[in-house]
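Everything below concerns the one structure shown next.
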There are 2 protein chains.
Amino acid sequence: MKADTMDTTANKDEEEMGSTVCQADSFRYTPIGIVRSPFTDTAGMPIQPAGAKGVRGTIALRPDLKAGLADLKGFSHIILIYAFHRSKGYSLEVTPFLDTARHGVFATRAPKRPNAIGISIVRLIAVEENVLIIENVDLLDGTPLLDIKPYVPAFDAFSDAKAGWLDQTAGNAESARADERFR
Amino acid sequence: MKADTMDTTANKDEEEMGSTVCQADSFRYTPIGIVRSPFTDTAGMPIQPAGAKGVRGTIALRPDLKAGLADLKGFSHIILIYAFHRSKGYSLEVTPFLDTARHGVFATRAPKRPNAIGISIVRLIAVEENVLIIENVDLLDGTPLLDIKPYVPAFDAFSDAKAGWLDQTAGNAESARADERFR
């Protein structure tokens, strides 16, 4: 697994310089923008977009990437991939917000995961230059954004999927709020 | 945007060492495992899980992370987040496999994006120790896996979402195959 992909990262320089500071078999991503939301603290935050209905936020995309937004405004929903930048360390078994039992971290969306990457599907309201207006925002203000992908029902909507332990509790996501356990 | 999150990465060491080799405002992720699939070359690959129905693959999770898989087997689908490790550089406007017109890269799933991160929703067949058997695999053999999340219809299924230019063409994803344009 050689990290030979990221022309936009420091990997190339690291290899050229023969530095041993950074591991070779890892991937480095520089944020493409930043999320602005009403949530400045994790405590009390909605834990899923379902619990953040109508909550507005914005994405300030890096101005040099603006051309990448062409044609995005035809999509009603977008997938945000971002860094859980306030999450420290990880646990392999966690008690998520929606349950009182412990589950493997990969069977949850908890932020304290080996790679603290989050995804949220939000509603896209408008695209104005390099700024996106979004709704149903369950992200912390200042969240570093790594990627935006269009949400496509043909690829992404499996309404009959079985959701394990979450089949019993996912409906509670609308009312559940974050507390301090995943800081 | 300070990279203060990744206890599992080299960031902390870099900061402590005061190295200038790596940028501070980026995020480094070490793969949690590797995807095995029948596809050893991008040319001719399915471009979406919809085009890879029944194609089996495996995920070899790092053995030290095995406990994180507890309770995952109750889910019929999982979201894989991975590095497009063969993708080099990026374009802000691309002509995706499903269209003949150019679109902003963030309105596509094309691999040549500022941060070459991919997501695929695959069917989970079995969990055997640290190995997952998966189906509908549209990933290249050897793909470095960054995260696994459970697919939850209550969070992820918006069957009535509008998919912009892809509303006309997403149905073709079942038959479309990759070519060399995104290498």
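Side chains included, hydrogens not; waters and symmetry mates left out as well; all remaining heavy atoms used. Throughout, protein chains are lettered first and strands after them, A, B, ... in sequence-line order, and every chain is numbered starting at 1.
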Side-chain donor or acceptor of R113(B) paired with backbone N/O of I148(A) under 3.5 Å:
yes

Would you mind checking which part of T108(A) comes under 4.5 Å of any heavy atom in chain B, side chain (CB onward), backbone (N, CA, C, O), both or neither?
backbone

Would you call Y29(B) and P114(A) a side-chain contact if the rule is heavy atoms closer than 4.5 Å?
no

Residue, of A157(A), P49(A), G74(A), P150(A), that accumulates the most heavy atom pairs under 4.5 Å with chain B:
P150(A)

Heavy-atom contact with chain B under 4.5 Å, split by part of L61(A)
side chain

Can you measure from CD1 (I81(B)) to CD1 (I119(A)) and round to the nearest 0.5 angstrom?
5.0 Å

Within one Ile-Leu-Val-Met-Phe-Trp-Tyr cluster: V131(B) and I125(B), side-chain cutoff 4.5 Å:
yes

So which atom in A161(B) and which in H77(A) form the shortest heavy-atom distance, rounded to 0.1 Å?
CB-ND1, 3.6 Å

Are the side chains of L65(B) and F106(A) in touch, meaning some heavy atoms are under 4.5 Å apart?
yes

Is S76(A) reaching over with its side chain to a backbone N or O of K162(B), donor-acceptor style, under 3.5 angstrom?
yes

Under the 3.5 angstrom rule, does the side chain of D25(B) hit a backbone N or O of P31(A) as a donor-acceptor pair?
no

Does the pair D156(A)/R109(B) count as a salt bridge with the N-to-O cut at 4.0 Å?
yes

Structural part of R102(A) lying under 4.5 Å from a heavy atom of chain B:
backbone

Any donor-acceptor pair under 3.5 Å linking the side chain of D71(B) with the backbone of A107(A)?
no

Identify which part of I79(A) has an atom lying under 4.5 Å from any heavy atom of chain B, answering side chain, backbone, both or neither.
side chain

How long is the gap from CG on L92(B) to CG on D64(A), to the nearest 0.5 Å?
7.5 Å

Less than 4.5 Å apart, side chain to side chain, heavy atoms only: is that true for F155(A) and L166(B)?
yes

Working for side chain to side chain contact (heavy atoms under 4.5 Å, CB included), residues I121(A) and F158(B):
CA-CA 9 Å; I121(A) 301 165; F158(B) 302 91; 3.7 Å; yes

Between L69(A) and chain B, with a heavy-atom cut-off of 4.5 Å, which part of the residue counts as in contact: side chain, backbone, both or neither?
both

Taking every non-hydrogen pair under 4.5 Å, which of S120(B), A154(B), A67(B) racks up the most with chain A?
A67(B)

How long is the straight-line distance from CD1 of I32(B) back to CG of N115(A), given to the nearest 0.5 Å?
6.5 Å

Looking only at non-hydrogen atoms, find the nearest pair between S159(B) and P153(A) and report the distance.
O-CB, 3.8 Å

What is the minimum heavy-atom distance between A163(A) and Y151(B), and which atoms define it?
CB-O, 4.0 Å

Check whether I117(B) gets within reach of chain A through its side chain, its backbone, both or neither, counting any heavy atom under 4.5 Å.
both

